Peer 1: 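Pasting a structure below so you can have a look.
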4 protein chains.
Amino acid sequence: MAGINKVILVGNLGKDPEVRHLEGGSSVAHFTLATNDYYKDKSGNRVERTEWHNITAWRGLAEMAEKFLKKGQQIYVEGKLRTRQYQDKDNQTRYITEIVADEISMLGGRPQADGQGSNGQGAEQPVEAQTFRQEPEIDQLPF
Amino acid sequence: MAGINKVILVGNLGKDPEVRHLEGGSSVAHFTLATNDYYKDKSGNRVERTEWHNITAWRGLAEMAEKFLKKGQQIYVEGKLRTRQYQDKDNQTRYITEIVADEISMLGGRPQADGQGSNGQGAEQPVEAQTFRQEPEIDQLPF
Amino acid sequence: MAGINKVILVGNLGKDPEVRHLEGGSSVAHFTLATNDYYKDKSGNRVERTEWHNITAWRGLAEMAEKFLKKGQQIYVEGKLRTRQYQDKDNQTRYITEIVADEISMLGGRPQADGQGSNGQGAEQPVEAQTFRQEPEIDQLPF
Amino acid sequence: MAGINKVILVGNLGKDPEVRHLEGGSSVAHFTLATNDYYKDKSGNRVERTEWHNITAWRGLAEMAEKFLKKGQQIYVEGKLRTRQYQDKDNQTRYITEIVADEISMLGGRPQADGQGSNGQGAEQPVEAQTFRQEPEIDQLPF
DNA sequence: TTTT
DNA sequence: TTTT
């Protein structure tokens, strides 16, 4: 039986994406995303709780991440949960849960200034369509 | 800035929920949920991939889980991601990512027969409303 | 600014899908989906409320609907809201809001018996992958 | 069988919310929300499509809308679909589909300046927790 | 490690 | 009627 595995996040990047360009032309990006929550504790004090998420983006979304996403920026991410196994430095099996992105949308109207000034045409320039999906296929288009 | 942290799953319970009744009258349930995905590999063979999720349910949802949920049953779960830190048996810090449920709905029209026959009024009896929501507790409310 | 327009439904088909095969080889299916809600009114009586949704599915999803979906069946639908304008019989402008499906998943483990007995290999036979997406593209695959 | 009826939108308010304060102390807000989509047509031109949604918010969310939401502002809305019947001026039955909000979150870090200068303490002042959830009311609770 |  |  096929199931549903869907994650929807709105949060801020903890750091610039790290992008690797793989042999064969594919690429993959990793970054962390913070989602903040607020609640009142028993004494009525306002408490903030931050949850950190590991985001992985492949191919076109990785390239979009490399070009447009910066530390601090607020984005929408839709994807699926995936728990990977790996061996740590002591050769012990460890698990990490990631969100593999299917769609990323830049929020807030204006990308973060990148503060490095290296490129006047950089992340600050207007970005026309700020939602990116894993594949904009001709037959996915509305009409 | 408050964010959004939402998970939506449709899958099958890997085992009966384990429920603990806490001092103070609260309770908490844990179970695993499998979501299955299918894809074709490069040779065109159909491959199944199962993702396992750790679900935690508190209070009313824990009691609902204890009463109505059984291994194998198909359910809808909505909740939020939370990564907890704990010390393993070698006193090393480990992380586990769970979905804290806000809403659970039983799918498929009819709960799984429980196969133990211990109770004629058990899980087999008709369950009228099969969606359960977590009453918002003091420690979940915003601001 | 690109936005997000997403609908997630779990409900039962009100009737068999109506499918039209368009010139050019494309097809489109329409059906209604009921989602039921329960609440207690002020006197504490349990009240049921049914919401009816107009679902539209294109191309591959339309063909999947034609082959596999039957009145009464419980499904998961993910899609987007679209409000269309049309002229009614008195030539007045009317509006109808539909959900254009991006993904449909059959729930409950087993498709509804079709009740017509015309075909021993019909809807009753096991359906392997019961989630259908608008395009299973090679580069959408996991791993 | 209880179902799932969920809508998730990220878009911009088409106008300031209209809020009515009902007898009995309750209140209700209405506003429209635009979600923008982009696609390439057959000639490869970039085309924008705007979908307009009717949002209704009750009680605490209505008050939040009145205080904090302004025309043009980008927000996240989660809610459920509801189609209402009404009689138009010619006494004909008409239908309107609305999204009844369960949660609203202000995006982009900074509410829109209101441009009227009527109130130095207005929408421009810092808003600490920018996610608001509907307290579950008696008429929304499951059984 | 983000944001307000 | 919004936004870029």
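All values reported here derive from a predicted model rather than from experimental measurement. Lettering follows sequence order; numbering is per chain, from 1.
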Peer 1: Considering only side-chain heavy atoms of Tyr38(D), which listed nucleotide, dT1(F), dT1(E), dT3(F), is closest?
Peer 2: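 The answer is dT3(F), which lies nearest to the side chain.
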Peer 1: Please give, in whole Å, the distance from dT3(E) P to Asp37(A) CG?
Peer 2: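 Rounded to the whole Å, the gap is 18 Å.
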Peer 1: Taking CZ from Phe31(D) and C1' from dT2(F), how many angstroms apart are they, rounded to a whole number?
Peer 2: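 These atoms are roughly 12 Å apart.
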Peer 1: Give the rounded distance in Å between these two atoms: CD of Glu51(D) and P of dT2(F).
Peer 2: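 That distance rounds to 16 Å.
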Peer 1: Which whole-number value in Å describes the distance from His53(A) NE2 to dT2(E) P?
Peer 2: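 Rounding to the nearest Å, NE2 of His53(A) and P of dT2(E) are 15 Å apart.
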Peer 1: Indicate yes or no for a side-chain donor-acceptor contact from Asn54(D) to the backbone of Thr32(D) under 3.5 Å, with no hydrogens or angles considered.
Peer 2: no
Peer 1: Let's see if you can work this out: which of dT3(E), dT2(F), dT1(E) has an atom nearest to the side-chain heavy atoms of Lys15(A)?
Peer 2: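 The answer is dT1(E).
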Peer 1: Counting side-chain heavy atoms from CB outward, which of dT1(E), dT3(F), dT2(E) is closest to Glu48(A)?
Peer 2: dT2(E)
Peer 1: Gln87(C) versus Arg94(C): any side-chain heavy-atom pair under 4.5 Å?
Peer 2: no
Peer 1: Please give, in whole Å, the distance from dT1(F) C1' to Tyr95(C) OH?
Peer 2: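 Taking OH of Tyr95(C) and C1' of dT1(F), I get 12 Å after rounding.
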Peer 1: Name all residues meeting the side-chain hydrogen bond (donor to acceptor under 3.5 Å, both in side chains) criterion together with Arg49(C); count only those two or more places apart in sequence or in a different chain, and write none if there are none.
Peer 2: Glu51(C)
Peer 1: Would you call Trp52(A) stacked on dT2(E), i.e. ring centres under 5.5 Å apart with the planes less than 30° off parallel?
Peer 2: no
Peer 1: Out of dT2(F), dT1(E), dT2(E), which has the shortest distance to the side chain of Thr32(A)?
Peer 2: dT1(E)
Peer 1: Rounded off to whole Å, could you give me the CZ-to-P distance for the Arg46(A) and dT4(E) pair?
Peer 2: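 Going from Arg46(A) (CZ) to dT4(E) (P), I get 13 Å.
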Peer 1: Atom CD1 of Ile75(D) to atom C1' of dT4(E): distance rounded to whole Å?
Peer 2: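 Computing the Ile75(D):CD1 to dT4(E):C1' distance gives 18 Å.
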Peer 1: Tell me every residue that passes side-chain hydrogen bond (donor to acceptor under 3.5 Å, both in side chains) with Asp90(C), counting only those two or more places apart in sequence or in another chain.
Peer 2: none
Peer 1: Just how far, in rounded Å, is P of dT2(E) from CG of Leu33(A)?
Peer 2: 13 Å
